[in-house]
Amino acid sequence: QVQLVESGGGLVQPGGSLRLSCAASGSIFSIYVMGWYRQAPGKQRELVAAITGGSTSYTDSVKGRFTLSRDNAKNTVYLQMNSLKPEDTAVYYCYQYLKVVAGPGYRNLEVWGQGTLVTISS
């Protein structure tokens with residue numbers, strides 16, 4: 001029904017930048033929430049940033065360094081990550097909560113991306 005395709009992960013040195021993208025495709029009627037989670041080795045998955053309506057929130061550790069934005073026409077969310085630190089190393093997962101067309105009506109759906117690895121190392 002709906003797929004999320006992520007891109008943009010990789011290896012960068014501390015202080016560097018990366019931009020993650022997540023594009024949704026399928027029978028999408030509207031998107032309630034778009035965001036990114038991450039999971040570092042041996043740690044629980046945590047919310048990095050999310051946008052709903054006109055409001056964007058960030059976990060404290062990335063405030064001032066990461067910027068979340070969206071392109072509604074493309075059903076795409078971006079995470080611009082600057083001043084990267086080794087502790088940002090993790091698998092980053094795109095998340096969307098949306099309304100999809102289902103038969104004669106609609107239903108709400110949570111969808112996750114496949115994950116993209118971000119490694120910050122010198």
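Because the structure is a prediction, the values reported are computed rather than measured.
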A.B. asks: I would like to know whether Ile31 and Asn75 meet side chain to side chain contact (heavy atoms under 4.5 Å, CB included); could you show each step before the answer?
C.D. replies: CA-CA 8 Å; Ile31 301 177; Asn75 291 330; 3.6 Å; yes
A.B. asks: Roughly how far, to the nearest 0.5 Å, is CG of Leu68 from CG of Leu79?
C.D. replies: 6.0 Å
A.B. asks: Given the ring of Tyr78, does Arg19 sit roughly above its face, with NZ or CZ under 6.0 Å from the centre of the six-membered ring and within 45° of the axis?
C.D. replies: yes
A.B. asks: Do other residues, nucleotides or ligands put more than 12 heavy atoms under 6.0 Å from the CD atom of Gln114?
C.D. replies: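 Enclosed: over 12 neighbouring heavy atoms sit under 6.0 Å from CD of Gln114.
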A.B. asks: Looking only at atom types and distance, does a side-chain atom of Glu6 sit under 3.5 Å from a main-chain N or O of Thr116, one as donor and one as acceptor?
C.D. replies: yes
A.B. asks: Is it the case that the side chains of Asp71 and Thr76 hold a donor-acceptor pair, with the cut-off being a distance below 3.5 Å and no angle test?
C.D. replies: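 Note: Thr76 and Asp71 side chains miss the donor-acceptor criterion.
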A.B. asks: Which residue pairs pass the salt bridge (Lys or Arg N to Asp or Glu O under 4.0 Å) test with at least one member in residues 36-61, sequence neighbours excluded?
C.D. replies: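 Only Arg38-Glu46, Arg38-Asp88, Asp60-Lys63 qualify under salt bridge (Lys or Arg N to Asp or Glu O under 4.0 Å).
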A.B. asks: Quick one: are Leu20 and Trp36 in side-chain contact, heavy atoms under 4.5 Å?
C.D. replies: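 Yes, at least one pair of side-chain atoms sits under 4.5 Å.
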A.B. asks: Does any part of the side chain of Tyr106, heavy atoms only, come nearer than 4.5 Å to the side chain of Val100, both counted from C-beta?
C.D. replies: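 Counting from C-beta outward, Val100 and Tyr106 never come under 4.5 Å.
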A.B. asks: How far apart are the closest heavy atoms of Val33 and Ala50, and which atoms are they?
C.D. replies: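 In terms of heavy atoms, the two residues are closest at CG1-CB, 4.3 Å.
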A.B. asks: Is a donor on one side and an acceptor on the other found under 3.5 Å between the side chain of Thr52 and the backbone of Tyr32?
C.D. replies: yes
A.B. asks: Could you tell me the separation between the CG atom of Asn72 and the CE atom of Met34, rounded to the nearest 0.5 Å?
C.D. replies: 7.0 Å
A.B. asks: Please, which pairs that meet salt bridge (Lys or Arg N to Asp or Glu O under 4.0 Å) have at least one residue in residues 98-110, sequence neighbours excluded?
C.D. replies: none
A.B. asks: For Val2 and Leu98: C-alpha separation, side-chain torsions, deciding distance, then whether side chain to side chain contact (heavy atoms under 4.5 Å, CB included) applies.
C.D. replies: CA-CA 9 Å; Val2 176; Leu98 27 69; 4.2 Å; yes
A.B. asks: Treating Ile, Leu, Val, Met, Phe, Trp and Tyr as nodes and any side-chain heavy-atom pair under 4.5 angstrom as an edge, say whether Met81 and Val12 lie in one connected cluster.
C.D. replies: yes
A.B. asks: Quick check for you: to the nearest 0.5 Å, what is the distance between Ser21 atom OG and Gln80 atom CD?
C.D. replies: 9.5 Å
A.B. asks: For Tyr37, check ring pair (Phe, Tyr, Trp, His ring centres under 6.0 Å) against everything at least two apart and list the hits.
C.D. replies: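 Tyr37 satisfies ring pair (Phe, Tyr, Trp, His ring centres under 6.0 Å) with Tyr95, Trp112 once adjacent residues are dropped.
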A.B. asks: Would you say that more than 12 heavy atoms from the other residues, nucleotides or ligands in this model lie under 6.0 Å from the CD of Glu87, or not?
C.D. replies: yes
A.B. asks: Find the distance between CD1 (Ile120) and CG (Leu84) and round it off to the nearest 0.5 Å.
C.D. replies: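 Output value for this atom pair is 4.0 Å.
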A.B. asks: Do Lys85 and Pro14 come within less than 4.5 Å of each other through their side chains, counting heavy atoms only?
C.D. replies: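 The answer is no, as the side chains (C-beta and beyond) never meet within the 4.5 Å cut-off.
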A.B. asks: Taking side chain as C-beta onward, heavy atoms only, is Gln96 less than 4.5 Å from Val77?
C.D. replies: yes
A.B. asks: Rounded to the nearest 0.5 Å, what separation is found between the CG atom of Leu4 and the OG atom of Ser25?
C.D. replies: 8.0 Å
A.B. asks: What's the separation between atom OG1 in Thr56 and atom CZ in Phe66, rounded to the nearest 0.5 Å?
C.D. replies: 15.0 Å
